[in-house]
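For reference, the structure discussed in these notes is given below.
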There are 2 protein chains.
Amino acid sequence: MSKSPQAQTRPGYHHGDLRAQLIAAVRDLVETHGPEGFSVAEAARRAGVSSAAPYKHFKDRPELLRAVVSEAMDRLHAAMARGAAAHAPGSLEAIAAIGMAYVDFARGEPGVFRLVFGLTEGHEEDAELIEKGESCLGVVVQAVAVRMGLAPDHATVARKAYMLWAFVHGHSFLTIDMKNKDMGTDTDDWTYLLEISRAVLGPG
Amino acid sequence: MSKSPQAQTRPGYHHGDLRAQLIAAVRDLVETHGPEGFSVAEAARRAGVSSAAPYKHFKDRPELLRAVVSEAMDRLHAAMARGAAAHAPGSLEAIAAIGMAYVDFARGEPGVFRLVFGLTEGHEEDAELIEKGESCLGVVVQAVAVRMGLAPDHATVARKAYMLWAFVHGHSFLTIDMKNKDMGTDTDDWTYLLEISRAVLGPG
DNA sequence: AGCAAAAAGTAAGTGCCGCTTACACTGGAG
DNA sequence: CTCCAGTGTAAGCGGCACTTACTTTTTGCT
(Lines give C-alpha, C1' and ligand atoms only; values in the text may rest on other atoms or scores of the structure.)
Protein backbone atom coordinates (compact mmCIF):
# COMPACT_ATOMS: atom_id res chain seq x y z
CA MET A 1 0.00 0.00 0.00
CA SER A 2 1.49 3.26 -1.03
CA LYS A 3 0.71 6.12 1.25
CA SER A 4 0.22 8.63 -1.55
CA PRO A 5 -3.33 8.66 -2.92
CA GLN A 6 -2.21 9.14 -6.50
CA ALA A 7 0.39 7.01 -8.33
CA GLN A 8 -2.10 5.12 -10.41
CA THR A 9 -0.38 3.23 -13.16
CA ARG A 10 3.07 4.72 -13.38
CA PRO A 11 5.80 3.52 -11.04
CA GLY A 12 7.65 6.38 -12.67
CA TYR A 13 9.68 8.99 -11.01
CA HIS A 14 8.90 10.56 -7.82
CA HIS A 15 5.24 10.83 -6.99
CA GLY A 16 2.82 9.88 -9.72
CA ASP A 17 2.34 10.61 -13.36
CA LEU A 18 1.28 14.13 -12.62
CA ARG A 19 1.09 15.15 -16.22
CA ALA A 20 -1.67 12.68 -17.02
CA GLN A 21 -3.48 13.45 -13.78
CA LEU A 22 -3.48 17.15 -14.56
CA ILE A 23 -4.93 16.56 -18.00
CA ALA A 24 -7.65 14.42 -16.47
CA ALA A 25 -8.37 17.08 -13.87
CA VAL A 26 -8.62 19.76 -16.53
CA ARG A 27 -11.01 17.65 -18.57
CA ASP A 28 -13.22 17.23 -15.56
CA LEU A 29 -13.08 20.90 -14.59
CA VAL A 30 -13.77 22.13 -18.08
CA GLU A 31 -16.75 19.82 -18.31
CA THR A 32 -18.27 20.79 -14.99
CA HIS A 33 -17.41 24.49 -14.75
CA GLY A 34 -17.07 25.42 -18.40
CA PRO A 35 -13.91 26.38 -20.26
CA GLU A 36 -13.73 29.72 -18.47
CA GLY A 37 -14.26 28.49 -14.95
CA PHE A 38 -11.11 26.48 -14.78
CA SER A 39 -7.80 27.34 -13.18
CA VAL A 40 -4.37 25.77 -13.12
CA ALA A 41 -4.40 26.13 -9.35
CA GLU A 42 -7.63 24.17 -9.02
CA ALA A 43 -6.33 21.42 -11.29
CA ALA A 44 -3.22 21.19 -9.13
CA ARG A 45 -5.37 21.02 -6.03
CA ARG A 46 -7.36 18.14 -7.48
CA ALA A 47 -4.16 16.30 -8.29
CA GLY A 48 -2.98 16.84 -4.74
CA VAL A 49 0.09 18.90 -5.54
CA SER A 50 1.16 22.48 -4.92
CA SER A 51 0.07 25.21 -7.28
CA ALA A 52 3.59 25.50 -8.70
CA ALA A 53 3.93 21.83 -9.62
CA PRO A 54 2.08 22.02 -12.96
CA TYR A 55 4.74 24.38 -14.27
CA LYS A 56 7.29 21.57 -14.16
CA HIS A 57 5.26 19.84 -16.86
CA PHE A 58 3.68 22.68 -18.79
CA LYS A 59 5.22 26.01 -19.66
CA ASP A 60 2.04 27.92 -18.93
CA ARG A 61 -1.72 27.63 -18.83
CA PRO A 62 -2.24 27.63 -22.60
CA GLU A 63 0.22 24.78 -22.99
CA LEU A 64 -1.72 22.71 -20.50
CA LEU A 65 -4.94 23.43 -22.36
CA ARG A 66 -3.29 22.56 -25.63
CA ALA A 67 -2.30 19.19 -24.22
CA VAL A 68 -5.93 18.54 -23.33
CA VAL A 69 -6.98 19.61 -26.81
CA SER A 70 -4.39 17.37 -28.42
CA GLU A 71 -5.59 14.35 -26.52
CA ALA A 72 -9.20 15.20 -27.30
CA MET A 73 -8.49 15.46 -31.00
CA ASP A 74 -6.97 12.02 -30.96
CA ARG A 75 -10.16 10.65 -29.50
CA LEU A 76 -12.28 12.62 -31.96
CA HIS A 77 -10.31 11.30 -34.88
CA ALA A 78 -10.61 7.75 -33.60
CA ALA A 79 -14.36 8.12 -33.17
CA MET A 80 -14.79 9.49 -36.68
CA ALA A 81 -12.72 6.65 -38.15
CA ARG A 82 -14.78 4.14 -36.18
CA GLY A 83 -17.97 5.68 -37.54
CA ALA A 84 -16.71 5.43 -41.09
CA ALA A 85 -15.61 1.83 -40.64
CA ALA A 86 -19.00 0.75 -39.31
CA HIS A 87 -20.67 1.06 -42.72
CA ALA A 88 -19.98 0.21 -46.33
CA PRO A 89 -17.21 2.47 -47.68
CA GLY A 90 -18.69 5.27 -49.75
CA SER A 91 -22.23 4.73 -48.48
CA LEU A 92 -24.31 7.66 -47.28
CA GLU A 93 -24.54 5.88 -43.96
CA ALA A 94 -20.77 5.85 -43.61
CA ILE A 95 -20.62 9.58 -44.22
CA ALA A 96 -23.49 10.28 -41.87
CA ALA A 97 -21.82 8.10 -39.24
CA ILE A 98 -18.68 10.22 -39.41
CA GLY A 99 -20.78 13.28 -38.73
CA MET A 100 -22.65 11.48 -36.00
CA ALA A 101 -19.37 10.71 -34.24
CA TYR A 102 -18.53 14.40 -34.38
CA VAL A 103 -21.86 15.45 -32.94
CA ASP A 104 -21.72 12.72 -30.32
CA PHE A 105 -18.35 14.00 -29.21
CA ALA A 106 -19.70 17.51 -28.86
CA ARG A 107 -22.74 16.30 -26.92
CA GLY A 108 -20.67 14.00 -24.75
CA GLU A 109 -18.06 16.51 -23.70
CA PRO A 110 -19.25 19.98 -24.70
CA GLY A 111 -16.68 21.72 -22.52
CA VAL A 112 -13.77 19.98 -24.18
CA PHE A 113 -15.37 20.43 -27.59
CA ARG A 114 -15.52 24.16 -26.99
CA LEU A 115 -11.93 24.08 -25.86
CA VAL A 116 -10.84 22.31 -29.04
CA PHE A 117 -12.46 24.94 -31.21
CA GLY A 118 -13.87 28.18 -29.82
CA LEU A 119 -10.98 29.41 -27.75
CA THR A 120 -7.97 31.17 -29.13
CA GLU A 121 -5.51 30.17 -26.45
CA GLY A 122 -2.82 29.98 -29.07
CA HIS A 123 -3.46 26.58 -30.58
CA GLU A 124 -3.89 27.94 -34.06
CA GLU A 125 -0.12 28.29 -34.21
CA ASP A 126 0.57 24.81 -32.89
CA ALA A 127 1.67 22.68 -35.84
CA GLU A 128 0.74 19.43 -34.13
CA LEU A 129 -2.83 20.56 -33.50
CA ILE A 130 -3.23 21.86 -37.03
CA GLU A 131 -2.07 18.51 -38.35
CA LYS A 132 -4.54 16.66 -36.16
CA GLY A 133 -7.33 18.90 -37.35
CA GLU A 134 -6.47 18.19 -40.96
CA SER A 135 -6.32 14.53 -40.13
CA CYS A 136 -9.92 14.68 -38.88
CA LEU A 137 -11.02 16.43 -42.04
CA GLY A 138 -9.13 13.73 -43.92
CA VAL A 139 -11.57 11.10 -42.68
CA VAL A 140 -14.40 13.00 -44.35
CA VAL A 141 -12.41 13.64 -47.49
CA GLN A 142 -11.55 9.97 -47.81
CA ALA A 143 -15.16 8.86 -47.47
CA VAL A 144 -16.37 11.45 -49.97
CA ALA A 145 -13.66 10.47 -52.42
CA VAL A 146 -14.71 6.84 -52.28
CA ARG A 147 -18.34 7.72 -52.81
CA MET A 148 -17.62 10.02 -55.75
CA GLY A 149 -15.07 7.68 -57.31
CA LEU A 150 -12.48 10.44 -57.41
CA ALA A 151 -9.04 10.93 -55.96
CA PRO A 152 -9.00 12.42 -52.45
CA ASP A 153 -7.12 15.46 -53.69
CA HIS A 154 -9.71 16.28 -56.35
CA ALA A 155 -11.06 19.80 -55.97
CA THR A 156 -14.70 18.72 -56.02
CA VAL A 157 -14.07 16.17 -53.30
CA ALA A 158 -12.48 18.82 -51.08
CA ARG A 159 -15.38 21.14 -51.72
CA LYS A 160 -18.09 18.63 -50.86
CA ALA A 161 -16.20 17.39 -47.83
CA TYR A 162 -15.80 20.92 -46.57
CA MET A 163 -19.48 21.63 -46.98
CA LEU A 164 -20.39 18.53 -45.01
CA TRP A 165 -17.85 19.37 -42.34
CA ALA A 166 -19.11 22.92 -41.98
CA PHE A 167 -22.67 21.70 -41.51
CA VAL A 168 -21.67 19.13 -38.92
CA HIS A 169 -19.47 21.64 -37.12
CA GLY A 170 -22.22 24.23 -36.98
CA HIS A 171 -24.83 21.69 -35.99
CA SER A 172 -22.58 20.50 -33.16
CA PHE A 173 -22.18 24.00 -31.77
CA LEU A 174 -25.86 24.80 -32.08
CA THR A 175 -26.72 21.53 -30.38
CA ILE A 176 -24.59 22.17 -27.32
CA ASP A 177 -25.53 25.84 -27.19
CA MET A 178 -29.26 25.36 -26.98
CA LYS A 179 -29.37 22.37 -24.75
CA ASN A 180 -32.79 23.39 -23.54
CA LYS A 181 -34.38 23.76 -26.96
CA ASP A 182 -36.66 21.37 -28.77
CA MET A 183 -34.63 19.76 -31.52
CA GLY A 184 -31.90 17.60 -30.26
CA THR A 185 -32.49 13.86 -30.09
CA ASP A 186 -30.00 11.40 -31.49
CA THR A 187 -32.41 10.22 -34.16
CA ASP A 188 -32.96 13.82 -35.24
CA ASP A 189 -29.23 14.14 -35.68
CA TRP A 190 -29.12 11.02 -37.79
CA THR A 191 -31.87 12.11 -40.14
CA TYR A 192 -30.26 15.55 -40.47
CA LEU A 193 -26.95 13.98 -41.31
CA LEU A 194 -28.40 11.63 -43.89
CA GLU A 195 -30.39 14.46 -45.44
CA ILE A 196 -27.49 16.86 -45.72
CA SER A 197 -25.26 14.13 -47.13
CA ARG A 198 -27.85 13.33 -49.75
CA ALA A 199 -28.36 17.00 -50.53
CA VAL A 200 -24.65 17.69 -50.98
CA LEU A 201 -23.55 14.44 -52.63
CA GLY A 202 -26.69 13.43 -54.45
CA PRO A 203 -28.80 10.31 -53.74
CA GLY A 204 -27.26 6.93 -53.89
CA MET B 1 -12.71 72.64 -24.04
CA SER B 2 -13.44 70.11 -21.40
CA LYS B 3 -10.42 69.03 -19.45
CA SER B 4 -11.48 65.38 -19.30
CA PRO B 5 -10.36 63.35 -22.32
CA GLN B 6 -13.61 61.38 -22.51
CA ALA B 7 -17.11 62.88 -22.63
CA GLN B 8 -17.51 62.42 -26.33
CA THR B 9 -21.08 63.01 -27.30
CA ARG B 10 -23.00 62.97 -24.05
CA PRO B 11 -23.10 66.04 -21.86
CA GLY B 12 -25.06 63.68 -19.66
CA TYR B 13 -24.70 63.20 -15.98
CA HIS B 14 -21.54 63.57 -14.22
CA HIS B 15 -18.64 62.56 -16.41
CA GLY B 16 -19.58 60.89 -19.69
CA ASP B 17 -21.81 58.10 -20.84
CA LEU B 18 -19.59 55.54 -19.28
CA ARG B 19 -21.81 52.62 -20.08
CA ALA B 20 -21.49 53.08 -23.83
CA GLN B 21 -17.79 53.82 -23.57
CA LEU B 22 -17.21 50.61 -21.66
CA ILE B 23 -19.04 48.58 -24.28
CA ALA B 24 -16.94 50.19 -26.98
CA ALA B 25 -13.76 49.50 -25.04
CA VAL B 26 -14.72 45.87 -24.57
CA ARG B 27 -15.42 45.48 -28.27
CA ASP B 28 -12.01 46.86 -29.07
CA LEU B 29 -10.23 44.75 -26.48
CA VAL B 30 -11.98 41.55 -27.47
CA GLU B 31 -11.08 42.19 -31.07
CA THR B 32 -7.43 42.93 -30.48
CA HIS B 33 -6.60 40.61 -27.58
CA GLY B 34 -9.17 37.87 -28.05
CA PRO B 35 -12.14 37.08 -25.85
CA GLU B 36 -9.87 35.70 -23.11
CA GLY B 37 -7.37 38.51 -23.01
CA PHE B 38 -9.80 41.09 -21.83
CA SER B 39 -10.40 42.44 -18.34
CA VAL B 40 -12.91 44.74 -16.74
CA ALA B 41 -10.02 46.67 -15.24
CA GLU B 42 -8.44 47.30 -18.63
CA ALA B 43 -11.75 48.43 -20.09
CA ALA B 44 -12.12 50.87 -17.21
CA ARG B 45 -8.59 52.12 -17.78
CA ARG B 46 -9.37 52.78 -21.44
CA ALA B 47 -12.48 54.69 -20.46
CA GLY B 48 -10.41 56.74 -18.04
CA VAL B 49 -12.21 55.73 -14.86
CA SER B 50 -11.31 53.75 -11.79
CA SER B 51 -11.51 49.99 -11.81
CA ALA B 52 -14.57 50.05 -9.58
CA ALA B 53 -16.61 52.38 -11.78
CA PRO B 54 -17.88 49.69 -14.19
CA TYR B 55 -19.70 48.01 -11.33
CA LYS B 56 -22.03 50.98 -11.09
CA HIS B 57 -23.34 50.05 -14.54
CA PHE B 58 -22.90 46.29 -14.69
CA LYS B 59 -23.43 43.80 -11.92
CA ASP B 60 -20.37 41.79 -12.86
CA ARG B 61 -18.10 40.88 -15.73
CA PRO B 62 -20.53 38.46 -17.41
CA GLU B 63 -23.20 41.15 -17.45
CA LEU B 64 -20.84 43.54 -19.22
CA LEU B 65 -20.02 40.89 -21.78
CA ARG B 66 -23.70 40.13 -22.23
CA ALA B 67 -24.34 43.79 -23.00
CA VAL B 68 -21.70 43.64 -25.71
CA VAL B 69 -23.26 40.46 -27.07
CA SER B 70 -26.71 41.99 -27.07
CA GLU B 71 -25.55 44.98 -29.04
CA ALA B 72 -23.68 42.73 -31.44
CA MET B 73 -26.73 40.58 -32.06
CA ASP B 74 -28.71 43.65 -32.98
CA ARG B 75 -26.14 44.53 -35.60
CA LEU B 76 -26.02 40.94 -36.83
CA HIS B 77 -29.78 40.84 -37.19
CA ALA B 78 -29.80 44.13 -39.05
CA ALA B 79 -27.10 42.91 -41.42
CA MET B 80 -28.99 39.69 -42.15
CA ALA B 81 -32.20 41.59 -42.81
CA ARG B 82 -30.33 43.96 -45.10
CA GLY B 83 -28.90 41.00 -46.99
CA ALA B 84 -32.34 39.51 -47.45
CA ALA B 85 -33.81 42.80 -48.61
CA ALA B 86 -31.16 43.32 -51.26
CA HIS B 87 -32.52 40.55 -53.49
CA ALA B 88 -35.85 39.27 -54.74
CA PRO B 89 -37.77 37.67 -51.86
CA GLY B 90 -37.50 33.91 -52.02
CA SER B 91 -34.60 33.94 -54.45
CA LEU B 92 -31.56 31.80 -53.86
CA GLU B 93 -29.56 35.00 -53.91
CA ALA B 94 -31.58 36.44 -51.04
CA ILE B 95 -30.94 33.34 -48.95
CA ALA B 96 -27.26 33.28 -49.83
CA ALA B 97 -27.05 36.98 -48.98
CA ILE B 98 -28.38 36.32 -45.50
CA GLY B 99 -25.66 33.75 -45.00
CA MET B 100 -23.11 36.12 -46.47
CA ALA B 101 -24.04 38.77 -43.92
CA TYR B 102 -23.48 36.22 -41.19
CA VAL B 103 -20.06 35.21 -42.51
CA ASP B 104 -19.10 38.83 -43.08
CA PHE B 105 -19.92 39.61 -39.50
CA ALA B 106 -17.73 36.76 -38.29
CA ARG B 107 -14.87 37.84 -40.55
CA GLY B 108 -15.27 41.48 -39.63
CA GLU B 109 -15.27 41.06 -35.88
CA PRO B 110 -14.18 37.52 -35.07
CA GLY B 111 -13.59 38.31 -31.42
CA VAL B 112 -17.11 39.57 -30.88
CA PHE B 113 -18.48 36.73 -32.97
CA ARG B 114 -16.77 34.24 -30.69
CA LEU B 115 -18.15 36.11 -27.73
CA VAL B 116 -21.68 35.90 -29.08
CA PHE B 117 -21.45 32.15 -29.49
CA GLY B 118 -18.53 30.08 -28.17
CA LEU B 119 -18.38 31.32 -24.62
CA THR B 120 -20.65 30.17 -21.83
CA GLU B 121 -20.50 33.27 -19.68
CA GLY B 122 -24.10 32.71 -18.73
CA HIS B 123 -25.90 34.15 -21.72
CA GLU B 124 -27.76 30.95 -22.45
CA GLU B 125 -30.03 31.80 -19.54
CA ASP B 126 -30.60 35.38 -20.64
CA ALA B 127 -34.10 35.59 -22.10
CA GLU B 128 -33.32 38.72 -24.09
CA LEU B 129 -30.35 37.12 -25.81
CA ILE B 130 -32.27 33.95 -26.56
CA GLU B 131 -34.99 36.02 -28.15
CA LYS B 132 -32.50 37.92 -30.27
CA GLY B 133 -30.97 34.65 -31.40
CA GLU B 134 -34.34 33.35 -32.45
CA SER B 135 -34.99 36.61 -34.20
CA CYS B 136 -31.86 36.07 -36.31
CA LEU B 137 -32.94 32.56 -37.18
CA GLY B 138 -36.33 34.06 -38.03
CA VAL B 139 -34.79 35.97 -40.92
CA VAL B 140 -33.68 32.69 -42.46
CA VAL B 141 -36.98 31.00 -41.72
CA GLN B 142 -38.90 33.81 -43.35
CA ALA B 143 -36.84 33.69 -46.52
CA VAL B 144 -37.10 29.92 -46.77
CA ALA B 145 -40.85 30.07 -46.22
CA VAL B 146 -41.26 32.52 -49.07
CA ARG B 147 -39.17 30.40 -51.36
CA MET B 148 -41.02 27.18 -50.53
CA GLY B 149 -44.42 28.82 -50.57
CA LEU B 150 -45.21 27.52 -47.11
CA ALA B 151 -46.08 29.11 -43.80
CA PRO B 152 -43.06 30.08 -41.66
CA ASP B 153 -44.11 27.68 -38.94
CA HIS B 154 -44.25 24.69 -41.27
CA ALA B 155 -42.02 21.86 -40.06
CA THR B 156 -40.22 21.49 -43.38
CA VAL B 157 -39.42 25.18 -43.45
CA ALA B 158 -37.93 25.02 -39.97
CA ARG B 159 -35.91 21.99 -40.96
CA LYS B 160 -34.44 23.50 -44.11
CA ALA B 161 -33.76 26.81 -42.41
CA TYR B 162 -31.96 25.05 -39.60
CA MET B 163 -29.80 23.11 -42.04
CA LEU B 164 -28.80 26.29 -43.83
CA TRP B 165 -28.11 28.05 -40.55
CA ALA B 166 -25.97 25.21 -39.26
CA PHE B 167 -23.86 25.27 -42.42
CA VAL B 168 -23.38 29.01 -42.29
CA HIS B 169 -22.60 28.91 -38.58
CA GLY B 170 -20.01 26.18 -39.02
CA HIS B 171 -18.52 27.85 -42.08
CA SER B 172 -18.18 31.10 -40.16
CA PHE B 173 -16.29 29.44 -37.33
CA LEU B 174 -14.04 27.49 -39.64
CA THR B 175 -13.32 30.65 -41.60
CA ILE B 176 -12.18 32.65 -38.61
CA ASP B 177 -10.33 29.70 -37.07
CA MET B 178 -8.08 28.99 -40.02
CA LYS B 179 -7.33 32.48 -41.09
CA ASN B 180 -4.03 31.33 -42.52
CA LYS B 181 -5.47 28.57 -44.66
CA ASP B 182 -6.15 28.55 -48.36
CA MET B 183 -9.91 28.75 -48.80
CA GLY B 184 -11.38 31.99 -47.66
CA THR B 185 -12.08 34.68 -50.23
CA ASP B 186 -15.38 36.47 -50.33
CA THR B 187 -16.26 35.01 -53.72
CA ASP B 188 -15.56 31.53 -52.37
CA ASP B 189 -18.04 32.24 -49.60
CA TRP B 190 -20.63 33.36 -52.09
CA THR B 191 -20.35 30.28 -54.28
CA TYR B 192 -20.47 28.04 -51.22
CA LEU B 193 -23.59 29.76 -50.00
CA LEU B 194 -25.33 29.54 -53.34
CA GLU B 195 -24.37 25.89 -53.69
CA ILE B 196 -25.57 24.87 -50.23
CA SER B 197 -28.81 26.77 -50.72
CA ARG B 198 -29.42 25.00 -53.98
CA ALA B 199 -28.51 21.65 -52.47
CA VAL B 200 -30.85 22.05 -49.52
CA LEU B 201 -33.76 23.85 -51.17
CA GLY B 202 -33.52 22.54 -54.71
CA PRO B 203 -32.71 24.58 -57.85
CA GLY B 204 -34.84 27.44 -58.72
C1' DA C 1 28.33 1.18 -4.95
C1' DG C 2 28.78 6.03 -4.95
C1' DC C 3 27.94 10.40 -6.42
C1' DA C 4 26.75 14.34 -9.38
C1' DA C 5 23.19 16.00 -11.97
C1' DA C 6 18.72 16.23 -13.52
C1' DA C 7 13.91 15.69 -12.59
C1' DA C 8 9.99 16.73 -9.72
C1' DG C 9 8.22 18.66 -5.91
C1' DT C 10 7.32 22.80 -2.21
C1' DA C 11 6.95 27.52 -0.07
C1' DA C 12 6.72 32.09 -0.57
C1' DG C 13 6.30 36.19 -3.13
C1' DT C 14 4.77 39.47 -7.14
C1' DG C 15 1.45 41.66 -9.73
C1' DC C 16 -3.08 41.60 -11.90
C1' DC C 17 -7.93 40.86 -11.63
C1' DG C 18 -12.83 40.50 -10.00
C1' DC C 19 -15.45 42.39 -6.75
C1' DT C 20 -16.89 44.79 -2.22
C1' DT C 21 -17.08 48.41 1.10
C1' DA C 22 -16.89 52.94 2.64
C1' DC C 23 -16.66 57.36 1.30
C1' DA C 24 -16.94 61.86 -1.85
C1' DC C 25 -18.83 64.64 -5.42
C1' DT C 26 -22.57 66.39 -8.56
C1' DG C 27 -26.88 67.64 -10.22
C1' DG C 28 -31.70 67.87 -10.00
C1' DA C 29 -36.42 67.77 -7.29
C1' DG C 30 -38.78 69.48 -3.41
C1' DC D 1 -31.12 75.43 0.15
C1' DT D 2 -31.17 70.97 1.11
C1' DC D 3 -31.43 66.34 0.51
C1' DC D 4 -30.85 62.43 -2.13
C1' DA D 5 -30.14 59.31 -5.88
C1' DG D 6 -26.75 58.63 -9.23
C1' DT D 7 -22.06 58.27 -10.27
C1' DG D 8 -17.42 58.37 -9.21
C1' DT D 9 -12.92 57.10 -6.14
C1' DA D 10 -9.66 54.72 -2.84
C1' DA D 11 -8.47 50.91 -0.54
C1' DG D 12 -8.66 46.28 0.46
C1' DC D 13 -9.75 41.00 0.06
C1' DG D 14 -9.09 36.66 -1.92
C1' DG D 15 -7.72 34.17 -6.00
C1' DC D 16 -4.94 33.17 -9.88
C1' DA D 17 -0.80 32.93 -13.18
C1' DC D 18 3.65 32.60 -12.85
C1' DT D 19 8.67 33.07 -10.79
C1' DT D 20 12.40 32.23 -7.70
C1' DA D 21 14.89 29.79 -4.44
C1' DC D 22 15.12 25.76 -2.15
C1' DT D 23 14.49 20.51 -1.03
C1' DT D 24 13.92 15.79 -2.25
C1' DT D 25 14.04 11.84 -5.22
C1' DT D 26 15.54 9.29 -9.41
C1' DT D 27 18.80 8.29 -12.57
C1' DG D 28 22.91 7.58 -15.03
C1' DC D 29 28.02 7.59 -15.14
C1' DT D 30 32.26 5.75 -13.52
Side-chain angles (χ1 to χ4, degrees), chain A residues 2-26 28-30 32-68 115 119-123, chain B residues 2-23 25-26 29-30 32-68 115 119-123:
Chain A
S2 71
K3 64 180 178 181
S4 57
Q6 62 262 38
Q8 317 197 123
T9 54
R10 269 311 154 68
Y13 312 151
H14 174 184
H15 269 78
D17 50 345
L18 182 55
R19 194 189 149 93
Q21 279 182 245
L22 284 172
I23 291 180
V26 170
D28 195 55
L29 280 170
V30 161
T32 57
H33 297 68
E36 314 308 310
F38 134 84
S39 72
V40 176
E42 178 64 23
R45 227 169 281 131
R46 294 221 179 176
V49 295
S50 78
S51 62
Y55 297 94
K56 297 293 176 181
H57 297 267
F58 304 96
K59 173 177 156 290
D60 53 15
R61 177 189 153 111
E63 187 170 301
L64 170 54
L65 291 179
R66 263 181 276 129
V68 174
L115 206 63
L119 284 258
T120 59
E121 294 262 17
H123 48 279
Chain B
S2 70
K3 64 179 176 182
S4 57
Q6 62 263 35
Q8 317 196 124
T9 55
R10 267 317 152 67
Y13 315 152
H14 178 181
H15 270 78
D17 52 345
L18 182 54
R19 192 188 150 95
Q21 277 183 248
L22 284 173
I23 290 179
V26 170
L29 280 171
V30 160
T32 58
H33 296 69
E36 314 309 310
F38 133 86
S39 71
V40 177
E42 178 64 25
R45 226 168 282 133
R46 293 221 179 176
V49 295
S50 77
S51 62
Y55 297 95
K56 298 292 179 181
H57 297 267
F58 304 96
K59 174 178 155 289
D60 53 15
R61 177 190 151 111
E63 186 170 302
L64 170 53
L65 291 181
R66 261 180 278 130
V68 175
L115 207 62
L119 283 258
T120 59
E121 296 262 17
H123 47 280

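Naming: A, B, ... by sequence-line order, numbering from 1 per chain.
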Taking [atom1] from [X] and [atom2] from [N], how many angstroms apart are they, rounded to a whole number?
{"X": "B:L64", "N": "C:dC19", "atom1": "CG", "atom2": "P", "result": "10 Å"}
{"X": "B:L29", "N": "C:dG18", "atom1": "CG", "atom2": "P", "result": "11 Å"}
{"X": "B:Y55", "N": "C:dT20", "atom1": "OH", "atom2": "C1'", "result": "10 Å"}
{"X": "A:R61", "N": "D:dA17", "atom1": "CZ", "atom2": "C1'", "result": "9 Å"}
{"X": "A:H33", "N": "D:dC16", "atom1": "NE2", "atom2": "P", "result": "11 Å"}
{"X": "A:E36", "N": "C:dG18", "atom1": "CD", "atom2": "C1'", "result": "15 Å"}
{"X": "B:F58", "N": "C:dT20", "atom1": "CZ", "atom2": "C1'", "result": "18 Å"}
{"X": "B:L22", "N": "C:dG18", "atom1": "CG", "atom2": "P", "result": "12 Å"}

Query - Earlier contact from the 5' end, DNA chain D, for A:E42 and A:K59 - result: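 Closest to the 5' end, via its nearest nucleotide, is A:E42.
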Anything under 3.5 Å between a protein N or O and an N or O of nucleotides 10-15 of chain D, put it in a table, one pair a line.
none

Query - From C:dG18, D:dG8, C:dG9, nucleotide with atom closest to A:K56 side chain - result: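 Side chain of A:K56 sits closest to C:dG9.
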**Report entry** Nearest-neighbour nucleotide for the A:P62 side chain, D:dC18, C:dC19, D:dG8 considered
**Finding:**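 The nucleotide sitting nearest to the side chain is D:dC18.
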How many angstroms lie between atom [atom1] of [X] and atom [atom2] of [Y], to the nearest 0.5 angstrom?
{"X": "B:L18", "Y": "B:H57", "atom1": "CG", "atom2": "NE2", "value": "4.5 Å"}
{"X": "B:R66", "Y": "B:K59", "atom1": "CZ", "atom2": "NZ", "value": "7.0 Å"}
{"X": "A:L115", "Y": "A:F38", "atom1": "CG", "atom2": "CZ", "value": "8.0 Å"}
{"X": "A:L65", "Y": "A:I23", "atom1": "CG", "atom2": "CD1", "value": "10.5 Å"}

**Report entry** Results of side chain to side chain donor-acceptor pair (under 3.5 Å) for A:E42 - residues two or more places apart only
**Finding:**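 Only A:R45 meet the side chain to side chain donor-acceptor pair (under 3.5 Å) criterion with A:E42.
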Report task. For the residue pair A:L64 and A:V26, establish whether any side-chain heavy-atom pair is separated by less than 4.5 Å. Result ->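 With C-beta onward as the side chain, the pair touches.
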Query raised in the report: Would you say B:H57 reaches D:dG6's phosphate, i.e. side-chain N/O to OP1/OP2 under 4.0 Å?
Result: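 No, outside the criterion.
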Query raised in the report: Taking it one step at a time, do B:R19 and B:L22 satisfy side-chain contact (heavy atoms from CB on, under 4.5 Å)?
Result: CA-CA 5 Å; B:R19 192 188 150 95; B:L22 284 173; 5.9 Å; no
